[in-house]
Q: 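Sharing a structure, written as structure tokens. Questions coming.
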Amino acid sequence: MTTATAPAAPPASGLHAGTPRRGLASRIVDRVGSGAIQFIMVLLGLFWLVPTLGLLVVSMRSVEVNNAEGWWTVFTKPAELTLQNYASLLSSGFTSSFWNTVAITVPTTILVIGIAAMAGYAFAWMDFPGRDTLFLVVIGLLIVPIQIALIPIASLYGNMGIFGTIPGVVLFHVAFGLPFAIFLLRNFFVGIPSSLLEAARMDGASEWKIFATVVFPLGKPAIASLGIFQFLWVWNDMLIALVFADAGNQPMTKALQSQMRQFGSNVDILSSGAFLSLIIPLVLFFAFQRYFVQGMMAGSVK
């Protein structure tokens with residue numbers, strides 16, 4: 001006894017229902033292959049590093065050689081490289097400007113992260129009168145331009161006796177860095193599962209202990225990303241340094257600007273100083289790039 005089998009369905013001439021249609025870019029990637037795409041990305045990365053390489057070469061050659069030929073000739077004349085420019089830069093008092101930059105940037109970054117993390121937790125998971133209104137005020141401060149506060153705060157600093165000092169520069173950076181930091185960390189902390197916090201409260205943990213042992217460790221990716229951005233903003237700032245830092249407390253950006261004003265085309269000093277100011281942010285970024293990538297991707301997976 002034979003059983004009839006249903007005739008096979010004819011092949012579909014089009015796409016199956018529910019199957020997402022692939023775009024042109026995805027089809028090109030499949031045809032070319034991931035290896036070729038990676039090779040292209042490496043080439044693009046090297047292309048973006050060309051200006052940095054040129055800056056390094058210029059900083060390690062004499063003024064006469066830089067004026068006579070382009071930096072790319074170093075590949076045929078490597079003997080032209082020297083560290084004399086860096087020795088002259090360090091002997092000119094640039095070292096004190098470097099430490100002034102560190103004394104401004106490190107405390108600012110720590111204070112912004114610490115205050116913003118606690119405020120972000122309070123706005124996300126603590127109920128208190130006026131919480132939403134106060135958070136709207138914080139968001140509103142994001143649109144306040146720094147320029148309109150320079151003269152009033154300079155007058156206030158003069159009355160307090162901290163104008164031209166490093167603490168004055170730090171306080172200014174902290175005040176204008178907190179609104180964005182609080183906004184960023186609050187939005188990240190809101191995505192933490194409430195069951196974790198409720199379990200900690202059932203175990204008798206205080207709000208401070210919950211923040212220190214649950215929220216802060218889970219927020220490391222966002223905190224690391226914020227720390228990198230805040231560090232770079234303050235490290236590369238020149239406007240606030242020009243207004244609020246005197247000659248004895250000037251950071252590297254102001255020191256380089258004064259070198260340009262005094263010597264005009266002193267490219268050897270400017271290039272070596274610019275490259276030294278570039279090293280620390282690069283080291284910081286590569287040291288925390290894993291947390292930086294996690295923080296940038298965190299919002300897309302929640």
Q: Tell me whether W208 shares a hydrophobic cluster with V215, the cluster being built from Ile, Leu, Val, Met, Phe, Trp, Tyr side chains joined at under 4.5 Å.
A: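 Yes; tracing contacts between hydrophobic side chains, which count when under 4.5 Å, links both residues.
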
Q: Do I210 and Y121 come close enough that some side-chain heavy atom pair is under 4.5 Å?
A: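 They are in side-chain contact.
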
Q: Could you walk me through whether L83 and M60 pass side-chain contact (heavy atoms from CB on, under 4.5 Å), step by step?
A: CA-CA 6 Å; L83 295 177; M60 299 181 66; 3.7 Å; yes

Q: When you group the ILVMFWY residues by side-chain heavy-atom contacts below 4.5 Å and let the links chain together, are V65 and Y86 in the same group?
A: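 Looking at the clustering, V65 is in a separate group from Y86.
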
Q: Restricting to non-hydrogen atoms, name the atom on E69 and the atom on K77 that form the minimum distance, rounded to 0.1 Å.
A: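 Scanning both residues completely, I find the closest heavy atoms to be OE1-NZ, 3.1 Å.
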
Q: Sub-3.5 Å donor-acceptor pair from the side chain of S225 to the main-chain atoms of P221, do we have one?
A: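 Side chain of S225 to backbone of P221: a pair is present.
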
Q: Please find the pair of heavy atoms, one from S97 and one from A255, that lie closest to each other, and give the distance.
A: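 Scanning both residues completely, I find the closest heavy atoms to be OG-CB, 3.4 Å.
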
Q: Is there a side-chain contact (heavy atoms from CB on, under 4.5 Å) between R61 and L81? Walk through the geometry before answering.
A: CA-CA 5 Å; R61 299 202 306 181; L81 298 179; 4.0 Å; yes

Q: Counting only heavy atoms from other residues, nucleotides and ligands, does the tally under 6.0 Å from CG of L46 exceed 12?
A: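 Yes, because the 6.0 Å sphere around CG of L46 holds more than 12 heavy atoms from other groups.
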
Q: With side-chain contact (heavy atoms from CB on, under 4.5 Å) as the test, pick out the partner of I110 among V112, V106, I113.
A: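 Filter result, single survivor: V106.
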
Q: Can you confirm whether more than 12 heavy atoms, excluding those of I143, are under 6.0 Å from its CD1 atom?
A: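 At most 12 heavy atoms, drawn from other residues, nucleotides or ligands, come within 6.0 Å of this atom.
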
Q: At what distance, to the nearest 0.5 angstrom, does OG1 of T213 lie from CG of L218?
A: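 Going from OG1 on T213 over to CG on L218, the span is 9.5 Å.
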
Q: Heavy atoms only: give me the nearest A274-L256 pair and the separation to one decimal.
A: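 Smallest heavy-atom distance, with atoms named: N-CD1, 4.0 Å.
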
Q: Only pairs at least two apart or in different chains count here, so list each ring pair (Phe, Tyr, Trp, His ring centres under 6.0 Å) that has a residue in residues 130-158.
A: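 Counting only pairs at least two positions apart or across chains, the ring pair (Phe, Tyr, Trp, His ring centres under 6.0 Å) contacts touching residues 130-158 are F123-F135, Y157-F244.
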
Q: Hydrophobic clustering (ILVMFWY, side-chain heavy atoms < 4.5 Å, transitive) - are L178 and V137 grouped together?
A: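 No; L178 is not reachable from V137 via cluster members.
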
Q: Is L185 reachable from L196 through a run of hydrophobic residues whose side-chain heavy atoms are each under 4.5 Å from the next?
A: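 Cluster IDs for L196 and L185 match.
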
Q: Within the structure provided, determine whether L56 and W71 are in side-chain contact (heavy-atom separation under 4.5 Å).
A: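 Side chain of L56 against side chain of W71, heavy atoms only: no contact under 4.5 Å found.
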
Q: Does the gap between the ring centers of W233 and F180 come in under 6.0 Å?
A: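 Judged by ring-centre distance (under 6.0 Å), W233 and F180 do meet the cut-off.
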
Q: Would you give the length of the straight line joining atom CZ of F163 to atom OG of S155, rounded to the nearest 0.5 angstrom?
A: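 Between F163 CZ and S155 OG, I get 10.0 Å after rounding to 0.5 Å.
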
Q: So among I153, L171, I240, which one has a side-chain contact (heavy atoms from CB on, under 4.5 Å) with F176?
A: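 The passing option is I153.
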
Q: Can you tell me how far the CG atom of L111 sits from the CD atom of Q230, to the nearest 0.5 Å?
A: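 With rounding to 0.5 Å, CG (L111) is 10.0 Å from CD (Q230).
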
Q: I'd like to check V190 versus W125 (side-chain heavy atoms, cut-off strictly below 4.5 Å). Are they in contact?
A: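 No, every pair of side-chain atoms sits at 4.5 Å or beyond.
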
Q: Please check: side-chain N/O of N236 versus main-chain N/O of L232, any donor-acceptor pairing under 3.5 Å?
A: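 Present.
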
Q: So, for F172 and A149, which heavy atoms are closest and what is the spacing to 0.1 Å?
A: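 Looking at all heavy atoms of both residues, the closest pair is CE1-O, 4.3 Å.
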
Q: Calculate, to the nearest 0.5 Å, the distance between atoms CZ and OG1 belonging to F229 and T109 respectively.
A: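 The distance works out to 13.0 Å.
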
Q: Once rounded to the nearest 0.5 Å, what's the spacing between atom OG1 of T101 and atom NZ of K254?
A: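 If I round to the nearest 0.5 Å, the distance is 11.5 Å.
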
Q: Might you point out which heavy atoms bring P281 and L278 nearest each other, and give the distance in Å?
A: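 Looking at all heavy atoms of both residues, the closest pair is CD-O, 3.3 Å.
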
Q: For N100, is there any backbone N or O sitting under 3.5 Å from a side-chain donor or acceptor partner on N249?
A: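 Checked: no pair found.
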
Q: Using only atom types and a distance under 3.5 Å, with no angle test, would you say the side chain of N85 pairs donor to acceptor with the backbone of S62?
A: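 A pair under 3.5 Å: no.
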
Q: Report yes or no: does T133 contribute a side-chain atom to a donor-acceptor pair with the main-chain N or O of G130 at less than 3.5 Å?
A: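 Judged by distance alone, no pair lies under 3.5 Å.
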
Q: Is it possible for you to say whether L55 and F47 belong to one hydrophobic cluster, with membership spreading through side-chain heavy-atom contacts below 4.5 Å?
A: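 No, separate clusters.
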
Q: Counting the benzene-type ring for Trp, do F98 and F94 have ring centres under 6.0 Å apart?
A: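 No, ring centres 6.0 Å or more apart.
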
Q: Any side-chain heavy atom of D237 sitting closer than 4.5 Å to one from I104?
A: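 The answer is no; the side chains never approach within 4.5 Å.
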
Q: Of all the heavy-atom pairs spanning A103 and V170, show the shortest one and how long it is.
A: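 So the minimum-distance heavy-atom pair works out to O-CG2, 4.1 Å.
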
Q: To the nearest 0.5 Å, tell me how far I280 CD1 sits from M252 CE.
A: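 Reported value, rounded in 0.5 Å steps: 7.5 Å.
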
